[in-house]
Student: 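Below you'll find the structure I mean.
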Amino acid sequence: MERLAARVRPAVVQVFTTSYAPLTEEGEGGTTTSLFGKQRGSGSGAIVTADGYIVTNNHVVENGRRIQVRVSTAHRYAEPHSILHQDVKTYIAQVVGVDRESDIAVLKIDAASLPHLSFADSDLLRQGQFVMAFGNPLGLEGSVSIGVISSVGRQIKAEDVMVYVQTDAPINPGNSGGPLIDSEGHVVGINTFILTQSGGSEGIGFAVPSNIANSIYKQIRKDGHVHRGQIGIFAQTITPDLATALKLPRDSGVIVADVLPDGPAASAGVQVGDIVAALNGKPMENSRQLEVDIYRQLLREKLTLDLIRDGKPVKVTVPVIERNDDPMRFSDLVDPSKSLVPKLGILAIEITAEISKALPQLRYEHGLVVAARSSEAAANGLKPGDVLYSLNQTALVSVKGLQSVLDTLKPGDPVVLQIQRNDRMMYLPIDIE
């Protein structure tokens, strides 16, 4: 364990953020006074390449105006140093991209020849397996705790496609974004949150499985954001009652309840009533497992489905396409030189006939789509996928037109956007600087 800790620790970093947020303080007579002040936060991260790519949690860096990463340099010295002396170097980090759904963020620092960690296959994790949690709990740099895998696939919300690795290795505030390490020194998860009644570790910690974290990291590094995949089916878990009523050959597993017309699964020949026995050779035990395995696939990858139809085996190959409700699905269409709206902190694109097909029923023929947003836009309440129809009652038909309207406004002027979010119209007051 000592050798393992010594090998892993140099690749675990401290992440410090500086942001500005509303504050309150008690005034006379018990009233509260609103203030706006600087806030600081900290967390952990794992170096995953020698040239400085770092995986951490989105909530560690969210809304951070300045992000610093402290890296241990003790590994560069042949002779041991005092245990009280910190050999560290601090870097300014850039956010490559974030994924709020999985709570993963990727940072980059300008460095070379860094110690780094590799991802393990989290599908091979087993309950009771030894693990170590590395990080900086409560700001205590370079801490390590030991435990086991409590559950290999824990779903916190019934409707959530995200599953987590549960561990009893002590995790506390500040551990977020740090790696959960197996006995070989590989990352099996990114520590993310705990369930607690006291506010401290009670032995119920959760990490994003390494297969999901690795997929998110690769997509962010390639495209700056994450694409959500689908194959055009709705699957259900087979229950004994379902199996009896439908005269199925098995009373557990996954059955196809619906196939999206003209979708990839339909084109591949998947039919309603097919039993999904395996995906890419991995047995499917329930619909949630199937959803999660599809969820983490890269776009345009081809999946092999082993089906059972009328008691006979059928094998099909199905390509993964982009989920049509993914709010980041428009990001690849932007031209930063034409799409950036600095005063709103967004990248916007004009609605075309092609784009309108990917949106819910639009109320108007004109408008702009928010393809991506900054932390400033998030603070104003704007989200990717929002459709902007007007600003202060002036119709928006082009990005240039939006820029022109904004240029007439001064800081402090009232600004209200009329937007459509999903299938709902709303007015959104915003602040501009």
Side-chain angles (χ1 to χ4, degrees), residues 1-15 42-48 54-57 59-60 69-72 74-75 80-88 103-104 114-156 163-214:
M1 288 189 292
E2 295 93 336
R3 292 181 180 178
L4 180 60
R7 178 157 55 92
V8 171
R9 180 179 169 181
V12 181
V13 302
Q14 280 187 291
V15 180
S42 66
S44 306
I47 304 173
V48 293
I54 296 167
V55 174
T56 183
N57 283 147
H59 75 260
V60 170
V69 171
R70 183 177 295 174
V71 180
S72 171
H75 64 282
H81 283 56
S82 166
I83 61 174
L84 297 179
H85 178 68
Q86 290 187 330
D87 294 303
V88 297
D103 198 16
I104 292 294
L114 294 173
H116 56 283
L117 303 173
S118 60
F119 290 100
D121 183 353
S122 53
D123 285 344
L124 301 180
L125 285 175
R126 295 294 179 264
Q127 192 172 43
Q129 182 175 332
F130 162 84
V131 287
M132 301 174 75
F134 285 78
N136 309 285
L138 304 176
L140 299 174
E141 186 269 335
S143 297
V144 60
S145 56
I146 300 174
V148 299
I149 297 295
S150 304
S151 173
V152 296
R154 184 69 73 194
Q155 189 179 31
I156 306 304
V163 295
Y164 300 91
V165 175
Q166 180 184 338
T167 180
D168 70 345
I171 296 173
N172 285 285
N175 273 113
S176 291
L180 191 67
I181 300 294
D182 65 12
S183 59
E184 301 298 319
H186 302 305
V187 178
V188 298
I190 299 296
N191 301 319
T192 300
F193 67 97
I194 60 176
L195 292 182
T196 176
Q197 294 181 333
S198 66
S201 174
E202 295 179 6
I204 308 177
F206 300 91
V208 177
S210 55
N211 285 355
I212 293 179
N214 192 21

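Residue numbers count from 1 along this sequence.
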Student: Please examine the side chains of Val71 and Val88, heavy atoms only from C-beta on, and report whether any two atoms are closer than 4.5 Å.
Tutor: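 Counting from C-beta outward, Val88 and Val71 never come under 4.5 Å.
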Student: Quick check: does any side chain N or O of Thr192 sit under 3.5 Å from a backbone N or O of Ala207, one acting as donor and the other as acceptor?
Tutor: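 No; zero donor-acceptor contacts below 3.5 Å.
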Student: With sequence neighbours left out, which residue pairs that include part of residues 165-190 fulfil the salt bridge (Lys or Arg N to Asp or Glu O under 4.0 Å) condition?
Tutor: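 Of all non-adjacent pairs touching residues 165-190, none passes salt bridge (Lys or Arg N to Asp or Glu O under 4.0 Å).
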Student: Given 3.5 Å as the limit, does a donor-acceptor pair link the side chain of Gln127 with the main chain of Ser150, or not?
Tutor: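 Such a contact is found between Gln127 side chain and Ser150 backbone.
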Student: Classify the side-chain pair Asn175/Asn136 by whether it contains a donor and acceptor separated by less than 3.5 Å.
Tutor: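 No donor-acceptor contact under 3.5 Å links the two side chains.
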Student: So Val69 and Ile54, side-chain contact (heavy atoms from CB on, under 4.5 Å) or not? Walk me through it.
Tutor: CA-CA 9 Å; Val69 171; Ile54 296 167; 3.8 Å; yes
Student: Is a side-chain N or O of Ser44 found less than 3.5 angstrom from the main chain of Gly174, in a donor-acceptor match?
Tutor: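 It does hold such a pair.
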Student: Considering all heavy atoms of both residues, which atom of Ser210 and which atom of Val187 are nearest to each other, and what is their separation?
Tutor: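 The answer is CB-O, 3.2 Å.
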Student: Mind checking what makes ring-ring contact (aromatic ring centres under 6.0 Å, His included) contact with Phe193, not counting sequence neighbours?
Tutor: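 Residues passing ring-ring contact (aromatic ring centres under 6.0 Å, His included) with Phe193: Tyr164, Phe206.
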Student: Quick one: closest heavy-atom pair of Ala5 and Met132, and the distance?
Tutor: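 Closest heavy-atom pair between Ala5 and Met132: CB-CE, 4.2 Å.
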Student: State, yes or no, whether a side-chain contact exists between Arg154 and Val163 at a heavy-atom distance under 4.5 Å.
Tutor: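 SC-SC contact between Arg154 and Val163 ruled out.
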Student: Decide, yes or no, whether a salt bridge links Glu2 with Arg7 under the criterion of side-chain N to carboxylate O below 4.0 Å.
Tutor: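 No, Glu2 and Arg7 are not salt-bridged.
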Student: How close do Leu117 and Pro179 get, heavy atom to heavy atom, and via which atoms?
Tutor: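 Closest pair (atom of Leu117, atom of Pro179, distance): CD1-CG, 4.0 Å.
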Student: For the CG atom of Leu4 and the CD1 atom of Ile181, what is their distance to the nearest 0.5 Å?
Tutor: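 Spacing of CG (Leu4) from CD1 (Ile181) equals 7.5 Å.
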Student: The test is side-chain contact (heavy atoms from CB on, under 4.5 Å); show your working for Arg9 and Glu141 and say whether it passes.
Tutor: CA-CA 10 Å; Arg9 180 179 169 181; Glu141 186 269 335; 3.1 Å; yes
Student: Would you compute the distance between atom CG of Leu124 and atom NE2 of His186 and round it to the nearest 0.5 angstrom?
Tutor: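 Answer rounded to 0.5 Å: 11.5 Å.
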Student: What's the separation between atom CG in Asn214 and atom OG in Ser118, rounded to the nearest 0.5 Å?
Tutor: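 Asn214 atom CG to Ser118 atom OG measures 9.5 Å (nearest 0.5 Å).
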Student: Do the side chains of Val165 and Val152 get nearer than 4.5 Å, heavy atoms only?
Tutor: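 Counting from C-beta outward, Val152 and Val165 never come under 4.5 Å.
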Student: May I have the step-by-step check of side-chain contact (heavy atoms from CB on, under 4.5 Å) for Ser42 and Gln14, ending in yes or no?
Tutor: CA-CA 7 Å; Ser42 66; Gln14 280 187 291; 5.8 Å; no
Student: Looking at every non-hydrogen atom in both residues, tell me the closest pair between Arg126 and Ile149 and how far apart they are.
Tutor: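 Taking Arg126 first and Ile149 second, the nearest heavy atoms are O-CB, 3.6 Å.
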Student: Do the side chains of Phe119 and Val188 get nearer than 4.5 Å, heavy atoms only?
Tutor: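 Of all side-chain heavy-atom pairs linking Phe119 with Val188, none is under 4.5 Å.
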Student: Which atom names give the shortest non-hydrogen contact between Ile146 and Pro170, and what distance separates them?
Tutor: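 Reported closest heavy-atom pair: O-CD, 3.7 Å.
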Student: Treating Asn57 as the side-chain partner and Ile104 as the backbone partner, does any N or O pair qualify as donor plus acceptor under 3.5 Å?
Tutor: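 Not at all, since once roles are kept as given, no pair shorter than 3.5 Å links the two residues.
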Student: If you measure from CZ on Phe130 to OG1 on Thr167, what distance do you get to the nearest 0.5 Å?
Tutor: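 Spacing of CZ (Phe130) from OG1 (Thr167) equals 10.0 Å.
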Student: Before giving the answer on side-chain contact (heavy atoms from CB on, under 4.5 Å), spell out for Leu180 and Ile190 the whole-Å C-alpha distance, their side-chain angles and the decisive distance to 0.1 Å.
Tutor: CA-CA 6 Å; Leu180 191 67; Ile190 299 296; over 6 Å; no
Student: How about His59 and Asp103: do any of their side-chain heavy atoms sit closer than 4.5 Å?
Tutor: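 His59 reaches Asp103 side chain to side chain.
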Student: Using every non-hydrogen atom in the two residues, find where Gly45 and Thr56 come nearest and quote the distance to one decimal.
Tutor: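 Looking at all heavy atoms of both residues, the closest pair is CA-CB, 4.1 Å.
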